[in-house]
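To keep things clear, I will list the structure first and then write my remarks on it.
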Amino acid sequence: MSNTAALQTPPRIPGLPLLGTLPELLTRKLDYVSELRERHGDIFTLDLKLGEMVLLCHPRHAQHVFVDQARSYGKSGAVFDSLRTLLGNGLAMSEGDFWKRQRRMMQPAFYHQRLAALTQKMVEAIDECLEGWEGAAARGEPFDIAQAFNRVTMNVMVRTMFGTGLEPGETERVASALAYAIDFILLGFATQALPGWMPVPGRARYREALRTIDETVLGVIERARRDGSGEETLLSLLMNMVDGESGERMSPAELRDEAVTLFLAGYETTSVTMAWALHALTQHPGPGQRLRSEVDRAVGTRVPGFADLMKLTYCRNVAQESLRLYPPVFWVARKAVEDDVIDGFRIPAGTSMGVMMHLIHRHPEHWEAPERFDPDRFTPERSAGRHKHAWVPFGAGQRQCIGKEFALMEAQLILTRLAQRFQVDAVPGRTAELLLSTTLRARSGVWVKLTRR
C-alpha cells in the first residue's frame, strides 16, 4: 500500500454551495444515485455537507469490503453511533473478540433443528393475524397489507423470541416502543452530532421508548431465570448458551442487546420484504398464480411444517427476488480503518463508505433486465455462474446476518399461509412508492384487495 498516495480518490460529485448533493439526494433518492452510477461508474464520492461518503455499487465491492478486506473496514461513525443507542453492543454492532464470542455462542440457536422447533410458533402467530384480515376480505374493501404485515412479523417475533414470557399489556407496549425507535433512528443519525441539550423533535419520546424496551426485555429475562418454564424460545436458547472457550453465559445486558437486535432484524426487515413481495405479485399475475399452485400441490390446506419448506422452492424464490429488487437494508455503512485501494482508487483511512445493495442487486452486468420481477432468477440453473455477491441482502462473509435462514423461513411460511387463505389483487390507482427511511418502505403502504379462496 506504500504507493497509494500517488493514486486518485474516487470521482467527487459536484453539488450546490453549502448544501452539496443533499437536495438531489433527498428529493430524488435512489433514482439520483442510480443515475450517478450510470454517469460516473461504480464508485464515486458524494458531498453530504456533514461529510463525504464513497458509494460502492458493484458486486466485487461487496466482496472486497465484506470478505476480502473486511478487517480494513469497521463499524464506526454517525450511523453506528445512532444504531447503538437502540441495539447496544449486539451482534450487528459489536466487533473484534467480543463479536467472535457472541457469534460463537449464538450460532447454534440458528441451526436447522433449532429453527424446526420454532415452526409451529411461527405458524400460530401468522394465523392469529390472518384471522383479522377476514373482515376486509368479506367486505371487499381496499386493504393496506404493508401495515398489516407489521402486525404479523411483530407477532412472529414476540412468539418466537419470548413465547408466553410477556405479561398482558407488555406485548403492545414493547411493540409500540420498538416501532417508534426504528422510525426515530434515521433522524438520530442526522442529528447525532448535535449536543445533547439541543432540542430534537421526538428525542424525549425515543428515550422513553428505550426505557420501555429495557424494562420489558430485562423483566422477561429475570422471570425466565427465576421461573424456568422450559419453553423453547430464541431467548431461552440464548440464555442457555455457554461459550465453549470461557465457560461463560451471557449477562442480562448482553442478552438484552442480542434480543433487541434479533427482534429488529426479524420484525422490521421481514415486514418490509413481505409488503414488497405482495406488491410485486399483484403487479405480475403469472408469478402469483405459480406460487398458489405450488402451495396447493405441496401443502394443500393443511398446516405447513418445517419439512414442507424444502418443497416450496418457488415460494422461496419469490422471497429472494423481492429481496433483490427491494432490499429492506438498501445500503450498509462502513468506515475505512486503514488505507486501501478499490478499483485503482485510493481509499484513505477514515473514509466513510456506503455499500449500495439496491444498486448491486440491479447491476446490469449481473442481472438480465434488472428492473423486472422474475423469481426464476434464483433457480439453480440460472444462478450458476452469477457473481457470489451480486445478491447480498443479508451482507456477506463472517458478518453475514445470523438470522438469514430464520428470515427466509418466516417469509416462506407467511406467503404459504396467505396463499392458502386469500387471493390477493392490486387496487387500481394505488401505486406503491419507495420511501427511504431506516429501511426501504412503501411510502403510503401497499394497497390490495383480498378475496377468500
Side-chain angles (χ1 to χ4, degrees), residues 29 75 77-93 125 129 144-162 166 170-192 200-217 234 256-276 323 326-333 357-358 393-395 401-403 406-407 410-411 414 432 434-446:
K29 304 178 177 69
K75 295 189 170 188
V79 173
F80 289 103
D81 290 343
S82 181
L83 283 169
R84 284 189 176 96
T85 61
L86 173 62
L87 303 181
N89 206 28
L91 201 61
M93 298 291 104
C129 294
D144 182 6
I145 207 164
Q147 185 65 33
F149 275 136
N150 286 342
R151 173 66 178 164
V152 174
T153 58
M154 177 67 76
N155 210 33
V156 168
M157 288 311 300
V158 167
R159 199 70 67 87
T160 55
M161 177 64 70
F162 302 119
L166 286 175
E170 284 186 322
T171 299
E172 289 73 21
R173 285 198 299 275
V174 76
S176 176
L178 278 163
Y180 183 80
I182 292 164
D183 285 337
F184 183 83
I185 284 293
L186 194 65
L187 178 62
F189 160 48
T191 59
Q192 190 70 35
V200 173
R203 181 185 276 170
R205 186 179 169 190
Y206 177 66
R207 288 170 176 164
E208 180 59 34
L210 293 181
R211 281 193 291 271
T212 299
I213 293 166
D214 289 349
E215 290 170 3
T216 304
V217 175
L234 280 175
R256 177 267 179 214
D257 290 349
E258 301 302 354
V260 173
T261 297
L262 292 175
F263 207 109
L264 173 63
Y267 157 58
E268 170 74 1
T269 57
T270 306
S271 174
V272 171
T273 298
M274 290 294 90
W276 286 117
L323 285 163
Y326 308 106
V329 180
F330 56 95
W331 74 291
V332 168
M357 270 76 155
H358 183 79
F394 299 97
C401 176
I402 198 172
F406 180 99
E410 183 181 357
I414 291 173
L434 293 174
L435 170 66
L436 300 194
S437 182
T438 310
T439 52
L440 193 65
R441 298 178 182 175
R443 178 179 298 280
S444 300
V446 175

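Here the shortest heavy-atom pairing between Phe184 and Pro201 reads CE1-O, 3.5 Å. Smallest separation of non-hydrogen atoms from Ala259 and Met161: O-CE, 3.6 Å. Closest approach of Leu87 and Arg256 over heavy atoms only: C-NH1, 3.9 Å. Closest heavy-atom contact between Ala125 and Asn155: O-ND2, 3.0 Å. Closest approach of Ala146 and Gly445 over heavy atoms only: CB-CA, 4.1 Å. Closest non-hydrogen pair, Val329 versus Met357, comes out as O-CB, 3.8 Å.
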Item to check | side chain to side chain contact (heavy atoms under 4.5 Å, CB included) evaluation trace for Val446 with Phe149 | outcome: CA-CA 10 Å; Val446 175; Phe149 275 136; over 6 Å; no
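Counting heavy atoms from C-beta on, the side chains of Val158 and Met154 come closer than 4.5 Å. With a 4.5 Å cut-off on side-chain heavy atoms, Thr261 and Met93 do not count as touching. Residues Thr160 and Phe406 are in side-chain contact: their nearest non-hydrogen atoms beyond the backbone lie under 4.5 Å apart. Side-chain atoms of Leu178 and Leu264, non-hydrogen and from C-beta on, never get closer than 4.5 Å to each other. Side-chain contact between Ile213 and Phe263 is absent, with no heavy atoms from C-beta onward closer than 4.5 Å.
The structure places CG of Leu262 at 16.0 Å from OH of Tyr267, a figure rounded to the nearest 0.5 Å. Here the OG1 atom belonging to Thr153 is positioned 6.0 Å from the CD atom belonging to Glu410, to the nearest 0.5 angstrom. Atom CG of residue Asn150 and atom CE of residue Met274 lie 12.5 Å apart, to the nearest 0.5 angstrom. Atom CZ of Phe162 and atom CG of Leu234 lie 9.5 Å apart (nearest 0.5 Å). One distance of note links CZ of Arg441 with CD of Gln147; it measures 9.5 Å at 0.5 Å rounding.
Salt-bridge formation is detected for the pair Arg211/Glu208: a Lys NZ or Arg NE/NH1/NH2 atom is positioned less than 4.0 Å from an Asp or Glu carboxylate oxygen.
In this structure, the side chain of Tyr180 engages the main chain of Gly202 through a donor-acceptor pair within 3.5 Å. Side-chain N or O atoms of Thr85 include one that pairs as donor or acceptor with a backbone N or O of Ser82 at under 3.5 Å.
The side-chain contact (heavy atoms from CB on, under 4.5 Å) test with Pro328 singles out one residue from Thr273, Leu440, Thr270, and that residue is Thr273.
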